[in-house]
Amino acid sequence: MIREGNQRDIPALLPLWLASTTMGHPFIPAEYWLESLPMVRDAWLPRAQTWIAERNGEPEGFISVLDERFIGALFVAPQKLGRGIGAALLSHVKQRYDNLSLEVYQQNERAVKFYHAQGFRIEASAWQEETHHPTWIMRWWADQTPLR
């Protein structure tokens with residue numbers, strides 16, 4: 001089930017975020033993510049529109065959209081990867097917006113391939129000064145012609 005999140009969900013999402021982001025970014029020291037947790041909790045998640053995939057009341061993944069166009073997060077619990085949860089969450093937000101963008105670390109090849117398979121295309125590259133790693137800026141449009 002996918003449902004809209006609210007402020008009360010944040011404490012349950014933080015452990016999922018930390019486990020998923022640490023696993024998905026082994027090239028970045030785990031300490032960086034631990035130090036980022038207060039910002040995610042206090043600034044980023046409260047201002048995002050979030051949807052949660054849950055089973056039996058437990059979150060299995062979530063997606064957050066900032067400013068009605070930027071996917072700031074798509075995280076799935078590591079033990080739930082490969083079950084279509086991320087694709088379902090992405091499909092859910094694609095039904096609500098006609099233009100979405102995101103930033104993904106270039107070294108996170110699994111995520112880059114996933115987003116590409118979901119119709120996102122690389123628009124630009126960027127540099128994350130905090131982590132000293134390059135990223136891709138990717139975009140999806142509702143009216144784009146699918147590639148074959």
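Keep in mind that what you see is a predicted model, and the values were worked out from it rather than measured.
For residues 70-91, the pairs satisfying side-chain hydrogen bond (donor to acceptor under 3.5 Å, both in side chains) are Glu60-Lys80, with sequence neighbours left out. Counting only residues at least two apart or on different chains, the salt bridge (charged side-chain N to carboxylate O under 4.0 Å, His left out) pairs with a member in residues 9-19 are Arg3-Asp9.
Gln106 and His133 are not linked by any side-chain donor-acceptor pair at a separation below 3.5 angstrom, with hydrogens and angles left out of the test.
Within a 6.0 Å sphere centred on CD of Glu68, other residues, nucleotides and ligands contribute 12 heavy atoms or fewer. Within 6.0 Å of CD on Glu109 lie no more than 12 heavy atoms contributed by other residues, nucleotides or ligands.
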Decide side-chain contact (heavy atoms from CB on, under 4.5 Å) for Trp51 and Arg96; before the verdict, give the C-alpha distance in whole Å, the side-chain angles of both, and the deciding distance to 0.1 Å. CA-CA 12 Å; Trp51 290 271; Arg96 286 153 177 77; 3.6 Å; yes

Applying side-chain contact (heavy atoms from CB on, under 4.5 Å) to Tyr115 and Leu102, what does each step give before you reach the verdict? CA-CA 9 Å; Tyr115 290 125; Leu102 57 86; 3.5 Å; yes

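Side-chain contact check for Phe120 versus Leu90: some heavy-atom pair is nearer than 4.5 Å. Side-chain contact between Leu81 and Arg110 is present, with at least one heavy-atom pair separated by less than 4.5 Å. Counting heavy atoms from C-beta outward, Glu4 and Thr50 have side chains that stay 4.5 Å or more apart. Side chains of Thr135 and Val104 form no contact here, defined as non-hydrogen atoms less than 4.5 Å apart. Looking only at side-chain heavy atoms (C-beta outward), Gln128 and Glu103 come within less than 4.5 Å of each other. Residues His116 and Trp136 have side chains not in contact (no heavy-atom distance under 4.5 Å, counting atoms from C-beta outward).
When the side chains of ILVMFWY residues are joined at heavy-atom separations under 4.5 Å, either directly or via intervening members, Leu74 and Trp141 end up in two distinct hydrophobic clusters.
In this structure, Ser20 contributes its side chain and Val76 its backbone to a donor-acceptor pair below 3.5 Å. Side chain of His92 to main chain of Ala88: no donor-acceptor pair is present (N/O by atom type, distance under 3.5 Å, no hydrogens or angles). For Asp67 (side chain) and Arg69 (main-chain N/O), no donor-acceptor pair under 3.5 Å exists by modelled atom type. Remark: side-chain polar atoms of Lys94 are paired, donor with acceptor, to backbone N or O of Gln118 under 3.5 angstrom.
Atom-to-atom distance recorded for His132:NE2 and Trp127:CH2 is 7.5 Å, nearest 0.5 angstrom. Separating the OG1 atom in Thr131 from the CD atom in Glu129 is a distance of 8.5 Å, to the nearest 0.5 Å.
Considering all non-hydrogen atoms of both residues, Pro59 and Ala12 come closest at CG-O, 4.0 Å. Closest non-hydrogen pair, Pro78 versus Met23, comes out as CB-SD, 3.7 Å.
In the hydrophobic clustering (ILVMFWY side chains linked at under 4.5 Å, chained through shared members), Met1 stands by itself. Grouping Ile, Leu, Val, Met, Phe, Trp and Tyr by side-chain contacts under 4.5 Å, direct or through others, puts Phe70 with Ile10, Leu13, Leu14, Leu16, Trp17, Leu18, Phe27, Ile28, Tyr32, Trp33, Leu34, Leu37, Val40, Trp44, Leu45, Ile52, Phe62, Leu66, Phe75, Tyr105.
In this structure Glu123 satisfies the salt bridge (Lys or Arg N to Asp or Glu O under 4.0 Å) test together with Arg139, sequence neighbours excluded. Every residue meeting the side-chain contact (heavy atoms from CB on, under 4.5 Å) condition with Ala124, not counting sequence neighbours, appears here in chain and number order: Ile137.
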